[in-house]
Amino acid sequence: MSKPVPADFWTQPVVPLARALIGTTLLVDDVGGVITETEAYDIDDPASHAFGGPRGRNLIMFGRVGRAYVYKIYGIHWCLNFVGGAHPGSAVLIRALEPRYGLERMIERRNLADPRTLCSGPGKLAQALAIDQALNGAPLDQPPFALFLGEAPEIVTGPRIGITKAVDHPWRFGLRGSRYWSRAFPKDG
DNA sequence: ATGACGATGCACT
DNA sequence: GTGCATCGTCATG
């Protein structure tokens with residue numbers, strides 16, 4: 001963990017932003033680790049909650065950058081996004097991280113001890129870091145959030161997971177060689 | 001290893 | 001009523 005996030009970090013286009021977030025250390029209340037997997041979602045993107053313009057739950061995506069967008073999926077799991085990009089209506093889904101800090105609290109919350117699967121998926125990550133609706137709209141540069149850039153790592157790329165529209169956009173990014181992904185990336189990536 | 005399936009709430013038609 | 005930016009469990013190869 002090293003330098004804090006520069007002020008213009010969040011206003012770069014969302015795809016480079018999603019790449020830049022790989023290798024970043026994310027803490028929520030001192031629990032977290034190194035982000036190993038992200039996905040970009042943009043406004044002109046049928047798979048995005050922002051598609052079709054500002055309404056209902058997606059309003060946060062059209063608000064200030066550098067904030068959390070948290071939503072519930074399948075009635076059960078929470079998912080954490082970072083609002084950012086060159087224009088309103090874009091965000092980065094945080095899909096996985098390598099646990100480094102607060103392992104005991106993650107293990108409690110997940111009721112499972114294998115570090116490999118503690119945060120290997122957006123729903124698991126949210127559960128391990130106690131992300132829920134209460135953090136929707138919360139600024140990422142203030143507690144309980146803390147974010148620290150690392151050295152720029154090597155990145156692998158692939159199609160996004162779990163969507164049925166715009167399936168061919170290669171907007172999923174991973175920390176090359178990490179064992180802490182939700183699923184493998186296709187070869188060559 | 002891969003695949004089916006249910007859980008459970010809410011946005012949208 | 002339908003469809004999710006998912007996960008754990010169960011079954012089968």
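Because the structure is predicted, anything quoted here is derived from the model rather than measured. Letters A, B, ... mirror the listed sequences (proteins, then strands); counts begin at 1.
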Check whether any side-chain nitrogen or oxygen of A:R55 sits under 4.0 Å from OP1 or OP2 of B:dC12, and answer yes or no. yes
What is the distance, to the nearest angstrom, from the CD1 atom on A:I76 to the P atom on B:dC5? 17 Å
Establish, yes or no, whether the cationic atom of A:R172 lies under 6.0 Å from the six-membered ring centre of A:F185 and within 45° of the ring axis. yes
Rounded to the nearest angstrom, tell me the gap between atom OH in A:Y71 and atom C1' in B:dT8. 16 Å
Winner on side-chain proximity to A:R110, out of C:dG8, C:dA5, B:dA7, is C:dG8
Ignoring backbone atoms, establish whether A:S182 has a side-chain N or O less than 4.0 Å from OP1 or OP2 of C:dT6. no
Name the nucleic acid region contacted by A:G123, choosing base, sugar-phosphate or nothing; use a 4.0 angstrom heavy-atom cut-off, strictly under. sugar-phosphate
Starting from P on C:dT6, measure out to CG on A:L80 and report it in whole angstrom. 14 Å
At under 4.0 Å, does any side-chain N or O of A:R57 touch on OP1 or OP2 of B:dC12? no
Test A:R109 against A:Q127 for side chain to side chain donor-acceptor pair (under 3.5 Å), laying out the working first. CA-CA 6 Å; A:R109 292 163 177 167; A:Q127 184 182 18; over 6 Å; no
Using a heavy-atom cut-off of under 4.0 Å over every strand shown, decide if A:I163 touches base, sugar-phosphate, or nothing. sugar-phosphate
Starting at atom CZ of A:R183, determine the distance to atom C1' of B:dA1, rounded to an integer number of angstrom. 14 Å
Output yes when A:D45 and A:R160 qualify as a salt bridge under the 4.0 Å nitrogen-oxygen rule, no when they do not. yes
Establish, with yes or no, whether the OP1 or OP2 oxygen of C:dG8 is under 4.0 angstrom from a side-chain nitrogen or oxygen of A:K124. yes
Taking the side chain as every heavy atom from C-beta outward, state whether A:L80 and A:L26 have any atom pair closer than 4.5 Å. yes
Taking atom C1' of C:dC7 as reference, at what distance in whole Å does atom CH2 of A:W181 sit? 20 Å
Applying the 3.5 Å cut-off to both distances, the Watson-Crick or G-U partner of C:dC7 turns out to be B:dG6
Nearest-Å distance, OH (A:Y69) to P (B:dC10)? 14 Å
If I take atom NZ in residue A:K165 and atom C1' in nucleotide B:dA11, what distance separates them, rounded to the nearest angstrom? 11 Å
Indicate, with a heavy-atom threshold strictly under 4.0 Å, whether A:R172 touches base, sugar-phosphate, or nothing. nothing
For the side chain of A:K72, counting heavy atoms from C-beta on, which of C:dC4, B:dG9, C:dA5 is nearest? B:dG9
Hey, is the side chain of A:H49 poking within less than 4.0 Å of OP1 or OP2 on C:dA5, counting only N and O atoms? yes
Output the rounded distance in Å from NE2 (A:H77) to C1' (B:dG6). 11 Å
Would A:E37 and A:S182 count as having a side-chain donor-acceptor pair, cut-off 3.5 Å? yes
Under the criterion of centre distance below 5.5 Å and interplanar angle below 30°, is A:Y74 classified as stacked on the base of B:dA7? no
